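Notes to accompany the following structure.
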Amino acid sequence: MIAVEDEVFAQVNEAQFGTFDTAKSAALKIKRQRKRTNSRSHSSEGDDPVSPMSDDFPKLKLDASFKRDRRSRTGTRGLPKKGGAGGKGTWGKPGDELNSSAVKDDQDPNFEATDADKGVKLGAYIPALDKEEIERNLKPLFIEYFENSELEECITAVAKFNIGRENIGDVLTLCVGMALEMNSLKRELCSRLIADMYGRIIEPQFMEDAFVVLLRQIPDLELDNPGAADNVGRFLARAIADDCLPPAFLKRLASYDLDKKSQAAVLHASALLTMKLAMSKISNIWGVDGLERQTTKFYTNKLWFILKEYLKSLELDEVKTSLRELDIPHFHHEVVYEAIVLAMEQRVSEFDKYAQRMIDLLQFLGKASIVSKSQFETGFKRVADDLDDLTLDIPNAISLFSQFCDMCVAQNFMSEETYEKFYPASRGRKRFVSEGDGGKVKTTI
């Protein structure tokens, strides 16, 4: 009776839902078959039950649509775990043991004491630079410092290198040697760099050793920089004035085996430190009283004094040396401007003499490649543009400037085309030199 009801239920279910419940129908068929087998086993005594693995066990024939069904029959999702490996009862994927944290409990059998547990900190080791590496790595930094005067930036860049005690003297020698080849302004920057390296780059106890190395290098420095002994003596005196070295260091130098030029540098430093008001004078030993005062007005006054001194001494080489010391090639147009104005400020009766001196000076500076052509043109044009203002102090400035330019053209120092660039014909220019007069300047104005 029960088997009949199950069969009827399966037929009705299949009629209503089609192949959707095929698995359920198959299960009912298996159940029905088992009941039939059990009923036969109970009816005949002594017969063994049929095993499902035997050939006599009835085979279940599944519908083709049931075989093609890809839905999970286990009731769980078959997606793999994210990252793969791992899970309960597993050791994880290969490589997980490298990221595992160490055992922190010192009572654990697996505990291993490390450097961190002993208070030891590990860091990157930077090897010390040798002499060649110091010059290759630090020389560009010093060149940039001499150009932009950024002291803190230079100190920060140098501090990144491991110099080592035995090479401290090479750093000081490199910096001072570069400054000796430059002007007084760069030497002042070098002195400030030495004072700032004290305690940051060069340890206080190593500063004396660094200057001993510098003093022993004076014979080599003299090859390229005559007079290096006196300048090194100034650096030594400045370092003592800046509290980088104790004054007793000069006495201790007597115990060192130094040559004559090195001893001369020490004597020069001693003489500077024993003069009256020594510390205040040594602070301005390079003639640069504070870099913050290096303005346009400062250089204008410097050039004016150089030209005034030239009119008295007529020393052309002295002017060339002074201009190189200032190291302001971009401001050499001011030399041309001041030279012309100084000539026009003289008495009219002496104008020809002073104008000729200035022309000789400008020609000399041009041949020596001290003043460039563009700086000459800029200087002349500035005078031409300021003639209206110059007439307030020099009433005949226009005629004097025209006479000065005609002298330059007559001596082939200036071309006629160049003259026309900064002195247009609209000014009603009057010539004071005639080609038929052999270059003679007319005295009438």
Side-chain angles (χ1 to χ4, degrees), residues 142-151 154 178-193 231 234 238 280-346 354-355 357-387 389-390 392-394 397 401 404 408 422:
F142 291 152
I143 292 176
E144 184 178 358
Y145 165 67
F146 289 140
E147 291 178 353
N148 56 27
S149 306
E150 293 293 338
L151 181 59
C154 181
M178 294 175 61
L180 292 177
E181 299 177 356
M182 301 180 183
N183 55 20
S184 299
L185 176 60
K186 302 302 187 293
R187 295 169 190 170
E188 172 66 22
L189 290 174
C190 181
S191 294
R192 296 191 177 192
L193 180 61
N231 288 324
R234 293 183 181 183
R238 177 64 179 271
S280 61
K281 293 180 180 179
I282 292 176
S283 62
N284 189 28
I285 197 170
W286 302 114
V288 182
D289 189 13
L291 297 177
E292 61 277 0
R293 297 177 55 183
Q294 308 308 304
T295 59
T296 302
K297 186 176 180 179
F298 171 82
Y299 287 116
T300 300
N301 294 334
K302 279 279 188 180
L303 295 174
W304 188 82
F305 280 112
I306 292 173
L307 294 175
K308 288 286 288 186
E309 187 67 23
Y310 162 72
L311 290 178
K312 297 178 181 179
S313 63
L314 300 181
E315 291 289 340
L316 296 174
D317 292 331
E318 188 68 25
V319 178
K320 180 179 70 173
T321 303
S322 300
L323 292 180
R324 284 180 174 174
E325 284 286 334
L326 288 178
D327 193 19
I328 47 172
H330 59 283
F331 199 58
H332 282 168
H333 57 82
E334 184 68 22
V335 180
V336 182
Y337 181 89
E338 293 293 337
I340 298 173
V341 173
L342 273 176
M344 294 192 301
E345 288 178 347
Q346 308 301 321
Y354 286 102
R357 290 180 180 179
M358 291 302 184
I359 293 175
D360 294 340
L361 174 63
L362 296 179
Q363 286 180 328
F364 173 78
L365 295 177
K367 292 179 181 179
S369 301
I370 302 297
V371 182
S372 62
K373 181 180 178 181
S374 61
Q375 295 292 316
F376 277 120
E377 294 181 356
T378 303
F380 274 95
K381 189 174 186 306
R382 284 183 56 199
V383 177
D385 295 339
D386 293 346
L387 283 177
D389 295 333
L390 291 174
L392 299 177
D393 299 324
I394 309 173
F401 178 63
F404 187 90
C408 293
F422 54 82

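For the single chain, residues carry numbers from 1 onward in sequence order. Because the structure is a prediction, the values reported are computed rather than measured.
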Residue pair Met344, Phe404: steps toward the side-chain contact (heavy atoms from CB on, under 4.5 Å) verdict: CA-CA 9 Å; Met344 294 192 301; Phe404 187 90; 5.8 Å; no
Whether the side chain of [X] engages the backbone of [Y] through a donor-acceptor N/O pair (distance < 3.5 Å, no angle test) should be reported.
X	Y	result
Arg357	Leu314	no
Tyr145	Leu189	yes
Asp360	Gln363	no
His332	Ser372	no
Glu188	Ser184	no

State, yes or no, whether a side-chain contact exists between [X] and [Y] at a heavy-atom distance under 4.5 Å.
X	Y	answer
Val319	Glu309	no
Gln375	Val336	no
Phe364	Ile370	no
Phe376	Leu362	yes
Met358	Ile340	no
Leu307	Leu361	yes

Heavy-atom pair with the smallest gap, counting every atom of [X] and [Y]:
X	Y	result
Ala384	Phe401	CB-CE2, 4.0 Å
Ala179	Lys186	CB-O, 4.2 Å
Cys190	Phe146	N-CE2, 4.0 Å
Phe331	Thr300	CZ-OG1, 3.7 Å
Ile306	Ser322	CD1-CB, 3.6 Å
Glu338	Trp304	OE1-CD1, 3.5 Å

Salt bridge flag under 4.0 Å for residues Glu334 and Arg382: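 Between Arg382 and Glu334 there is a salt bridge, with a charged N closer than 4.0 Å to a carboxylate O.
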Nearest-0.5 Å distance, CG of residue Leu180 to CZ of residue Arg187: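 Output value for this atom pair is 6.0 Å.
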